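Okay, so here's the structure we're looking at.
Quick caveat: nothing in here was measured; it's all calculated off a predicted structure. In what follows, residues are counted from 1 in the order of the sequence shown.
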Amino acid sequence: MTTAGDIMHRGAQWIPAHETLDRAAELMRELGVGALPISDANERLCGILTDRDIVIGCVAVGHDPAKVTAGEMAQGTPRWIDASADVTDVLHEMEEHRIRRLPVIEDKRLVGMISEADLARHLTDEQIAGWAESVYARSSTTH
């Protein structure tokens with residue numbers, strides 16, 4: 001059985017909710033990533049911040065990234081998966097919620113992230129195709 005822990009990228013780091021977006025952008029550059037999990041004061045997942053969130057949700061609307069915090073950008077219920085979860089559960093979680101990055105938790109601590117690149121490296125072409133169709137497909141209903 002292939003698990004989330006087997007395919008994840010280790011070494012993921014939190015950005016505390018009180019940190020500003022300019023610091024988050026610096027950390028993303030240092031780590032070479034486009035997303036950071038956001039932690040609350042108890043080091044629990046409270047969201048995920050992407051580089052796109054910073055640009056579209058802050059800079060493009062005229063806000064100062066030195067004054068807006070990561071916590072202010074956290075929206076919705078954050079999704080995560082346990083490190084011991086089977087890869088089929090990983091795919092289901094990402095497909096069901098149409099997400100491209102998934103934090104991996106073990107013993108209530110962040111231990112890694114699963115991204116599209118991780119899926120591409122570890123899954124079959126058929127698994128990737130099914131995932132991509134679910135995550136990227138437009139609604140087939142007409143209005």
[atom1] of [X] to [atom2] of [Y]: how many Å apart, nearest 0.5 Å?
X: Lys67; Y: Asp22; atom1: NZ; atom2: CG; value: 11.0 Å
X: Thr20; Y: Asp64; atom1: OG1; atom2: CG; value: 9.0 Å
X: Trp131; Y: Glu126; atom1: CH2; atom2: CD; value: 16.0 Å
X: His92; Y: His97; atom1: NE2; atom2: NE2; value: 6.5 Å
X: His122; Y: Thr2; atom1: NE2; atom2: OG1; value: 9.5 Å
X: Ile38; Y: Leu49; atom1: CD1; atom2: CG; value: 5.0 Å

Non-hydrogen side-chain atoms of [X] and [Y] separated by less than 4.5 Å:
X: Arg52; Y: Val55; answer: no
X: Leu36; Y: Met28; answer: yes
X: Ile48; Y: Pro78; answer: no
X: Arg44; Y: Trp14; answer: no
X: Asp89; Y: Ile81; answer: yes
X: Met94; Y: Leu119; answer: yes
X: Thr50; Y: Arg101; answer: yes
X: Ser115; Y: His9; answer: no

Could you go step by step and tell me if Met8 and Asp118 meet the side chain to side chain contact (heavy atoms under 4.5 Å, CB included) rule? CA-CA 6 Å; Met8 72 181 181; Asp118 299 312; 5.7 Å; no
Arg29 and Glu26 ion-paired at < 4.0 Å: no
Which atoms form the tightest heavy-atom contact between [X] and [Y], and what is the distance?
X: Ala70; Y: Pro16; result: CB-O, 4.0 Å
X: Ile128; Y: Ala120; result: CD1-CA, 3.5 Å
X: Ala74; Y: Cys46; result: CB-O, 3.5 Å

Would you please test Ile114 and Val104 for side chain to side chain contact (heavy atoms under 4.5 Å, CB included) and show each step? CA-CA 7 Å; Ile114 297 173; Val104 181; 3.6 Å; yes
Out of curiosity, does [Y] fall in the hydrophobic cluster containing [X] (side-chain heavy atoms, cut-off under 4.5 Å, transitive links)?
X: Leu110; Y: Val33; value: no
X: Ile15; Y: Met73; value: yes
X: Leu31; Y: Leu45; value: no
X: Trp80; Y: Met113; value: no

Side-chain donor or acceptor of Asp82 paired with backbone N/O of Ser84 under 3.5 Å: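 Yes, the answer is positive, given that a donor and an acceptor are paired below the 3.5 Å cut-off.
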Got a donor-acceptor contact below 3.5 angstrom from the Glu72 side chain to the Thr69 backbone? yes
Check the surroundings of atom CZ in Arg100: do more than 12 heavy atoms from other residues, nucleotides or ligands lie under 6.0 Å from it?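 No, not enclosed.
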